[in-house]
Amino acid sequence: MREVSVKDTASGERKPIDPGVPVSIYACGPTVYSRIHIGNARPFVVFSLFSRFLRSEGYDARLVVNVTDINDKIYEAATAAGVGSEDLAKEMTAAYLADTDRLGLGRPDSEPLASETIGPIIDLIEDLIEKDNAYESGGDVYFSVRSFPDYGSLSHRDPDEMDQGEPDDGSPKRDPLDFALWKAQKEGEDTSWDSPWGPGRPGWHIECSAMAEQEADGLPLAIHGGGSDLVFPHHENEIAQSEAARGVPLAGIWMHNGMIETDREKMSKSEGNIFQLSKALDRYGSEAVVSFLVSGHYRQPLAFGEEGLEEAVARNERIRNFFREAGADGAEPDSAALESLERFRDALADDFNTPQALAELFDLLRRANQGEASGVAPVMREMLGLLGLERLAEVEEGVDEEALALLEERETARAGGDFEQADRIRDRLAELGWEVRDSQDGASLVRLNRS
RNA sequence: GGCGCCUUGGCGGAGUGGUUACGCAGCGGCCUGCAAAGCCGUUUACACCGGUUCGACUCCGGUAGGCGCCUCCA
């Protein structure tokens, strides 16, 4: 077990993860009002792989990724589509699960729904009211930001300098900074839950505070994460709610992933520059999508373009070629291979530097091809597994009889010097989806399909 | 305006006070009947200006440009 450290958004410093206790990780998942795009997939991939890495190092990691299925956006989208908001939320939750399933990374250990956490949410709000950190106003309940002195510590903001741009007249809030914990049901909203304050629904941030403490073995969480666009106000508000109510920190480390960008702009539904995850999976395959997402450091923005996905396909193909040539090599890893694996793991332990790890992988790949390292296949398999790319080690099987017969025919033609016939057969094989590769050991067939 | 962050070779993208990141693409070569795959080589990379230093792409200060958040957002 090596020391794994992560840069913490709140302190700006790298913090080691405590190996002696269970590592609870809570990452904010999507609000389900439409199909998710590649940008939404990034935290899913990052936190899935990071917890996978922690486990492989012997940490007792547990990953929770919630689904926010109650939200203003859902009402809006449902109204626009002419369907019930509950139906839309259910449909989009199912789509989210199906889309992320296709990434082939398995599921988080728990995926709680806001709609199934109403009881704990109400309890938490009641606690906050009791402690004078929240107040009811006309069926709504608001968190009193001024009652929480540390407000702004995560996002490095001073409440006094926040411009809410909202005049006080007629607002149910006592202070423009306050935010809703509970919203009374409004006209046009087709779902509601009973509460001590009347029918309504939770505000945006409270569901995560409730789900986080439900899922963790007590606060603080080891790591709380999500996209960097959630730092303020979402995570700041979560901290205020949870810490005011419980008197302990919400999380030891705040881990935020950077945005996927197109044309130097954040990919977002409101910008309209999105690329759906399912579309990327259809077109390029899951390995390409995962490979693309691990090609940049999780904390930095990552430029998206279809070229990036095509590049990932090419990169993956090179790895597959290695296994086609050397996959069956049963040699024990030599020191070069083992040292490379150490560096690979060191890179991941150092703020989960996947591009650095990928560089190690390719460095080893090159040296294996050059014959400078042996017993590389099992090491490479382990590396790929840690990046969620283990399927690249699977070499295609089941070359059909027809193709094999054609290949033999071609060999005969080549041996007889009839290269025109040999090339005709090669073209024919290409039509059947096979690429012919000659080597000193004879010819072999490789599937032509992408990714 | 406030807070946070960024500016690396054709593109993507790491990193370090002094040595080739890595990948993709291109070009040349080896291999091949020709290709493909693989290998080798290759295209004077670190926004700009100062400072610290024996030495800075890497530290400090400033300039310019860009991005994110401050409203829903992974």
Side-chain angles (χ1 to χ4, degrees), chain A residues 9 12 27-31 33 36-47 65 68 71-73 76 152 154-158 160-166 204 225-236 256-261 264-271 274 291-292 294-297 299-305 307-322 324-326 347 350 353-366 368-371 413-415 417-420 422-423 426 430 435-440 443-444 446 448:
Chain A
T9 306
C28 285
T31 299
Y33 64 97
I36 65 165
H37 58 252
I38 299 242
N40 298 303
R42 175 126 93 150
F44 185 91
V45 170
V46 166
F47 289 101
V65 180
T68 295
N71 186 281
D72 287 338
K73 286 272 184 188
E76 286 169 25
L154 175 69
S155 57
H156 313 284
R157 283 158 214 254
D158 180 352
D160 292 333
E161 291 177 7
M162 285 184 197
D163 176 19
Q164 289 301 98
E166 183 180 318
W204 176 33
S228 62
D229 53 351
L230 296 180
V231 173
F232 190 93
H234 186 56
H235 287 159
E236 196 71 71
H256 291 102
N257 62 273
M259 300 293 102
I260 300 292
E261 301 181 337
R264 312 216 65 214
E265 274 192 347
K266 170 184 168 184
M267 182 182 290
S268 76
K269 290 164 188 166
S270 38
E271 289 291 332
I274 64 164
S291 177
F292 167 72
V294 299
S295 73
H297 185 102
R299 203 152 22 75
Q300 298 306 135
L302 180 60
F304 172 82
E307 322 78 57
L309 253 14
E310 279 163 16
E311 185 182 320
V313 168
R315 194 162 52 220
N316 289 347
E317 197 52 28
R318 181 139 165 246
I319 294 169
R320 284 207 174 89
N321 282 328
F322 167 79
R324 284 172 181 133
E325 305 280 322
D350 181 12
N353 194 331
T354 54
Q356 181 68 52
L358 207 51
E360 281 301 336
L361 186 155
F362 275 102
D363 191 58
L364 178 61
L365 180 67
R366 194 196 72 251
N369 282 333
Q370 288 172 318
R414 287 181 71 208
D418 186 355
F419 296 119
E420 277 183 27
D423 288 348
R426 184 163 65 193
E435 176 180 302
V436 178
R437 290 187 186 172
D438 294 328
S439 77
Q440 295 183 331
S444 60
V446 170
L448 271 172

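To find a chain, count down the sequence lines: A is the first, B the second, and so on, and within it residues start at 1. All values below come from the heavy atoms of this structure, side chains included, with hydrogens, waters and symmetry mates left out.
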TODO: For A:Glu261 and B:rG12, give me the distance from atom CD to atom C1', rounded to whole Å.
DONE: 13 Å

- [ ] Answer yes or no: is there a donor N or O on one side and an acceptor on the other, between the side chain of A:Thr354 and the main chain of A:Val294, under 3.5 Å?
- [x] yes

TODO: Please determine, by modelled atom types, if A:Ser291 and A:Arg315 share a side-chain donor-acceptor pair under 3.5 angstrom.
DONE: yes

Open item on the list: I need the CG-P distance between A:Asn40 and B:rC72, as an integer number of Å.
Closed with: 17 Å

Task: Protein-nucleotide distance (A:Leu154, atom CG; B:rG2, atom P), rounded to Å - done: 21 Å

Task: Any A:Asn321 side-chain nitrogen or oxygen under 4.0 Å from OP1 or OP2 of B:rG38 - done: yes

Open item on the list: Can a donor-acceptor pair be found, under 3.5 Å and without considering hydrogens, that links the side chain of A:Arg437 to the backbone of A:Val446?
Closed with: no

Task: Test item: A:Leu361 and A:Ile319 side chains (from C-beta on) under 4.5 Å apart, heavy atoms - done: yes

Open item on the list: I need the CG-P distance between A:Leu230 and B:rU71, as an integer number of Å.
Closed with: 14 Å

Task: Any A:Gln300 side-chain heavy atom under 4.5 Å of A:Asn257 side chain - done: no

Task: Cation over ring face, A:Arg157 and A:Phe232, 6.0 Å, 45° - done: yes

Task: Separation between CZ of A:Arg318 and CG of A:Asn369, rounded to the nearest 0.5 Å - done: 7.0 Å

TODO: Please state the P separation for the pair B:rU42 and B:rA47 - nearest whole angstrom.
DONE: 24 Å

Open item on the list: What contact category does A:Val446 fall into here, base, sugar-phosphate, or nothing, at under 4.0 angstrom with non-hydrogen atoms?
Closed with: nothing

TODO: Using a 4.0 Å heavy-atom cut-off across all strands, classify A:Thr31 as base, sugar-phosphate, or nothing.
DONE: sugar-phosphate

TODO: With pairs defined as Watson-Crick or G-U wobble and both distances under 3.5 angstrom, please note down RNA chain B as a dot-bracket string, | for pairing with another strand.
DONE: (((((((..(((.....[...))).(((((.......)))))....(((((..]....))))))))))))....

Task: Separation of A:Asp423 CG from A:Asp418 CG (nearest 0.5 Å) - done: 9.5 Å

Open item on the list: Does B:rA74 have its OP1 or OP2 closer than 4.0 Å to a side-chain nitrogen or oxygen of A:Ser228?
Closed with: no

TODO: Determine the Euclidean distance between corresponding C1' atoms of B:rU7 and B:rA14; express it in Å to zero decimal places.
DONE: 15 Å

Open item on the list: Whole angstroms only, please: what is the CD-P distance between A:Glu311 and B:rC11?
Closed with: 12 Å

Task: Flag, side chain of A:Glu236 to backbone of A:Gly152, donor-acceptor distance under 3.5 Å - done: yes

TODO: Would you indicate whether the side-chain heavy atoms of A:Phe292 and A:Ile38 approach each other to under 4.5 Å?
DONE: yes

TODO: Measure the spacing between CZ of A:Arg426 and CZ of A:Phe419 and express it to the nearest 0.5 Å.
DONE: 10.5 Å

Task: 5' precedence on RNA chain B between A:Met267 and A:Ala303 (nearest-nucleotide basis) - done: A:Ala303

TODO: Mind checking the CG-CE spacing from A:Leu302 to A:Met267? Nearest 0.5 Å is all I need.
DONE: 9.5 Å

Task: Side chain of A:Arg42 (C-beta onward), nearest among B:rA36, B:rC24, B:rA74 - done: B:rA74

Task: Closest-nucleotide ordering on RNA chain B, the 5'-leading residue of A:Arg437 and A:Asp158 - done: A:Asp158

Open item on the list: Suppose you measure atom C1' in B:rA35 against the same atom in B:rG23; what distance do you get, rounded to whole Å?
Closed with: 24 Å

Task: Protein-nucleotide distance (A:Met259, atom CE; B:rC69, atom C1'), rounded to Å - done: 10 Å

Task: Distance between P atoms of B:rC48 and B:rG28 (Å, rounded) - done: 32 Å

Open item on the list: When the C1' atoms of B:rC6 and B:rC46 are compared, how many Å lie between them, rounded to an integer?
Closed with: 14 Å

Open item on the list: Measuring only the P atom in each nucleotide, how far is B:rG10 from B:rU43? A whole number of Å is fine.
Closed with: 12 Å

For nucleotides 3-6 of chain B, which of its nitrogen or oxygen atoms have a protein nitrogen or oxygen under 3.5 Å away, and what is each distance?
unit_1: B:rC3; atom_1: O2'; unit_2: A:Ser155; atom_2: O; d: 3.0
unit_1: B:rC3; atom_1: O2'; unit_2: A:His156; atom_2: O; d: 3.1

TODO: Output the distance between atom OH (A:Tyr33) and atom CD (A:Glu76), rounded to the nearest 0.5 Å.
DONE: 8.5 Å

Task: Nucleotide B:rC70, atom C1' - distance to NZ of A:Lys266 in whole Å - done: 12 Å

Task: B:rA56 versus B:rG17 - spacing of their C1' atoms, nearest Å - done: 6 Å

- [ ] Look at all strands and tell whether A:Lys269 reaches a base, only sugar-phosphate, or nothing, counting heavy atoms closer than 4.0 Å.
- [x] sugar-phosphate

Open item on the list: Counting the atoms with a prime plus P, OP1 and OP2 as sugar-phosphate, which does A:Gly258 contact under 4.0 Å by heavy atoms, base, sugar-phosphate, or nothing?
Closed with: base

TODO: Assign A:Ile260 to base, sugar-phosphate, or nothing according to its heavy-atom contacts below 4.0 angstrom with the strands shown.
DONE: base

Please list, pair by pair, any protein nitrogen or oxygen found under 3.5 Å from a nitrogen or oxygen in nucleotides 46-48 of chain B.
none

Task: Phosphate-side-chain proximity, A:Asn353 and B:rG15, N/O vs OP1/OP2 below 4.0 Å - done: yes

- [ ] Produce a footprint string for nucleotides 16-22 of chain B: one letter per nucleotide, 5' end first; B if the base is under 4.0 Å from any protein heavy atom, S if only the sugar-phosphate is, - if neither.
- [x] -----BS

Task: Nearest-Å distance for atom pair CZ/P, residues A:Arg320 and B:rG38 - done: 13 Å

- [ ] With heavy atoms under 4.0 Å as the rule, sort A:Asn369 into base, sugar-phosphate or nothing.
- [x] sugar-phosphate

TODO: Between B:rU63 and B:rG55, how far apart are the C1' atoms? Round to whole Å, please.
DONE: 25 Å

- [ ] Quick one: label A:His256 by what it contacts on the DNA or RNA (base, sugar-phosphate, nothing), any heavy atom closer than 4.0 Å.
- [x] nothing

- [ ] Give one of base, sugar-phosphate or nothing for A:Gly296, where a contact means two heavy atoms less than 4.0 Å apart.
- [x] sugar-phosphate

Open item on the list: Restricting to ring-ring contact (aromatic ring centres under 6.0 Å, His included), what partner residues turn up for A:Phe47, sequence neighbours left out?
Closed with: none

Between the protein and nucleotides 30-34 of chain B, list the N/O to N/O atom pairs that are separated by less than 3.5 angstrom.
unit_1: B:rG33; atom_1: N7; unit_2: A:Arg414; atom_2: NE; d: 3.3
unit_1: B:rG33; atom_1: N7; unit_2: A:Arg414; atom_2: NH2; d: 3.4
unit_1: B:rG33; atom_1: O6; unit_2: A:Arg410; atom_2: NH2; d: 3.1
unit_1: B:rG33; atom_1: O6; unit_2: A:Arg414; atom_2: NE; d: 3.4
unit_1: B:rG33; atom_1: N1; unit_2: A:Asp423; atom_2: OD1; d: 2.9
unit_1: B:rG33; atom_1: N2; unit_2: A:Asp423; atom_2: OD1; d: 3.4
unit_1: B:rG33; atom_1: N2; unit_2: A:Asp423; atom_2: OD2; d: 2.7
unit_1: B:rC34; atom_1: O2; unit_2: A:Arg426; atom_2: NH2; d: 2.6
unit_1: B:rC34; atom_1: N3; unit_2: A:Arg426; atom_2: NH1; d: 2.9
unit_1: B:rC34; atom_1: N3; unit_2: A:Arg426; atom_2: NH2; d: 3.3
unit_1: B:rC34; atom_1: N4; unit_2: A:Asp438; atom_2: OD2; d: 3.0

- [ ] Answer yes when A:Arg324 and A:Glu317 have at least one side-chain N-carboxylate O distance shorter than 4.0 Å, and no when they do not.
- [x] yes

Task: From A:Leu230 atom CG to A:Ser155 atom OG, the distance as rounded to the nearest 0.5 Å - done: 12.0 Å

Task: From A:His235, A:Arg299, A:His256, A:His156, residue fulfilling side chain to side chain donor-acceptor pair (under 3.5 Å) relative to A:Thr9 - done: A:His256

